[in-house]
Amino acid sequence: MRHELVETVRKPHLWALLAWYDIKQRYRRSVLGPFWFTISTAILIGTLGLLWATLFKMNLHEYLPYFAAGNVIWTFIAMQLNEATTGFTQFESLIKQTRLPYPSYVLRLLCRNFIIFLHNFIIVIVVVTFVGNGWGWVSLLAIPGFLCLAAITLNVSFAFAIICTRYRDMIPVVQNLVTVAYFLTPIMWQSSTLPPQHQWVAQLNPISHLLDVARMPLLGEVPSMVSWMTALGLWLVSAGCACWLFARTRHRVAYWI
């Protein structure tokens, strides 16, 4: 297992370059390419942001950057987890013909979704600059926060890829859980708007803390220590679970496909 992990890290062309080719292949002969997805996301954020701020009488200068940052980050997480359910089966022919480290397939998906995330991040830059509080030194904390979020997403998606390869019925289950998590996590709504007796919905939601370590610095606020400690704990637990699962199943993945 260690050999495969080291080989994956030492050969980024196995996943980074292939991820770039995936993007080029997907948007071949398109004028705007992946920016079509960015335009769709911008229209969604602008429409829903204005609608919700008007209906619930919220401060647009506070709510729109909050919703834009949360939605763009969540889109990265959701796309990665949903695609991870077929993380090995979609590369069936490659796995059966070539001996590549299994982590390279999941990293290929992560790299591909990260490129799309960078396109969508233009929306956050525009909204924070012209509607929000602008940028400051605190905004730099978003970099380690997002790296921690991406590492946890990678660990979870690797575990989902293995489980969904073995049990194909888990694919719709995972996709439905991702949809439910979107509505239970403070993305479209703010935790401060909840009644005191329902504050636990956000406080006990680990995804809420994970999102905050990457989102709050973009809004000019320092994430709480509880959010950082929760993110660190999630990273350790998810890494341990993914390594344990991979060690037990790595010789069976090709057979399950």
Side-chain angles (χ1 to χ4, degrees), residues 5-6 8-10 12 15-16 19-20 38 41 45 62 64-81 83-84 103-104 106-129 132-160 178 181-182 185-187 190-192 202-243:
L5 293 175
V6 172
T8 302
V9 174
R10 292 178 61 182
W15 42 274
W20 178 248
T38 303
T41 306
I45 290 173
E62 179 185 342
L64 190 58
Y66 177 89
F67 176 53
N71 196 76
V72 168
I73 296 171
W74 177 259
T75 300
F76 166 77
I77 298 173
M79 288 181 63
Q80 174 64 22
L81 295 183
E83 291 185 7
S104 63
V106 183
L107 269 170
R108 178 177 176 176
L109 298 179
L110 187 79
C111 192
R112 189 166 71 194
N113 288 316
F114 179 68
I115 294 172
I116 296 174
F117 167 79
L118 292 180
H119 287 93
N120 288 342
F121 196 73
I122 296 172
I123 302 169
V124 179
I125 294 175
V126 172
V127 171
V128 172
T129 303
N133 297 323
W135 302 94
W137 291 108
V138 176
S139 305
L140 294 176
L141 287 175
I143 297 175
F146 182 79
L147 290 177
C148 184
L149 179 146
I152 295 168
T153 305
L154 174 66
N155 294 332
V156 175
S157 59
F158 191 59
F160 281 173
V178 171
Y182 176 79
T185 304
I187 299 172
Q190 295 174 295
S191 56
S192 59
Q203 294 171 353
L204 298 182
N205 184 349
I207 305 176
S208 172
H209 295 287
L210 182 59
L211 203 62
D212 277 350
V213 297
R215 176 174 58 184
M216 298 311 291
L218 299 175
L219 307 178
E221 299 179 25
V222 178
S224 67
M225 187 56 67
V226 174
S227 295
W228 281 112
M229 296 304 294
T230 303
L232 182 61
L234 285 174
W235 177 71
L236 291 173
V237 171
S238 62
C241 291
C243 289

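Basis for what follows: all heavy atoms, side chains included, without hydrogens, waters or symmetry-related copies.
- Nearest heavy atom pair, residue Y66 against residue S191, reads OH-N, 4.2 Å.
- Within the structure, salt bridge (Lys or Arg N to Asp or Glu O under 4.0 Å) contacts touching residues 106-128 (residues at least two apart or in different chains) are D22-R108, D22-R112, E83-R112.
- By the ring-ring contact (aromatic ring centres under 6.0 Å, His included) test, H119 is found to be paired with F35, residues two or more places apart in sequence or in another chain being considered.
- Rounding to the nearest 0.5 Å places CD of E62 at 9.0 Å from CG of L219.
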May I have the list of side-chain donor-acceptor pairs in residues 226-239 shorter than 3.5 Å, sequence neighbours left out?
{"residue": "S227", "atom": "OG", "partner": "H209", "partner atom": "ND1", "Å": "3.2"}
{"residue": "S227", "atom": "OG", "partner": "S224", "partner atom": "OG", "Å": "3.1"}
{"residue": "T230", "atom": "OG1", "partner": "V226", "partner atom": "O", "Å": "2.7"}
{"residue": "S238", "atom": "OG", "partner": "N155", "partner atom": "ND2", "Å": "3.1"}
{"residue": "S238", "atom": "OG", "partner": "L234", "partner atom": "O", "Å": "2.8"}
{"residue": "S238", "atom": "OG", "partner": "W235", "partner atom": "O", "Å": "3.1"}

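- To the nearest 0.5 Å, atoms OG (S157) and CG (L107) are separated by 8.5 Å.
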Donor-acceptor list for residues 132-146 side chains, cut-off 3.5 Å, not counting sequence neighbours:
{"residue": "W135", "atom": "NE1", "partner": "T129", "partner atom": "OG1", "Å": "2.9"}
{"residue": "S139", "atom": "OG", "partner": "G136", "partner atom": "N", "Å": "3.3"}
{"residue": "S139", "atom": "OG", "partner": "G136", "partner atom": "O", "Å": "3.2"}

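- The side-chain heavy atoms of I77 and Y182, taken from C-beta on, include no pair separated by under 4.5 Å.
- The salt bridge (Lys or Arg N to Asp or Glu O under 4.0 Å) pairs that include a residue from residues 207-220 are D212-R215, where partners are two or more places apart or lie in different chains.
- Here the OG1 atom belonging to T153 is positioned 13.0 Å from the CE atom belonging to M79, to the nearest 0.5 angstrom.
- With sequence neighbours excluded, the residues forming a ring-ring contact (aromatic ring centres under 6.0 Å, His included) with F67 are Y63, listed by chain and number.
- No option in T41, I45, N71, I73 other than T41 meets the side-chain contact (heavy atoms from CB on, under 4.5 Å) test with N120.
- Distance CZ/F114 to CG/L118: 4.0 Å, rounded to 0.5 Å.
- N113 places none of its side-chain heavy atoms less than 4.5 Å from the side chain of F117.
- Of the inter-residue distances, the one linking L210 atom CG with I152 atom CD1 reads 4.5 Å to the nearest 0.5 angstrom.
- Separating the CG atom in L81 from the CZ atom in F76 is a distance of 9.0 Å, to the nearest 0.5 Å.
- With I187 as the fixed residue, the side-chain contact (heavy atoms from CB on, under 4.5 Å) test singles out one of L211, I207, T75: L211.
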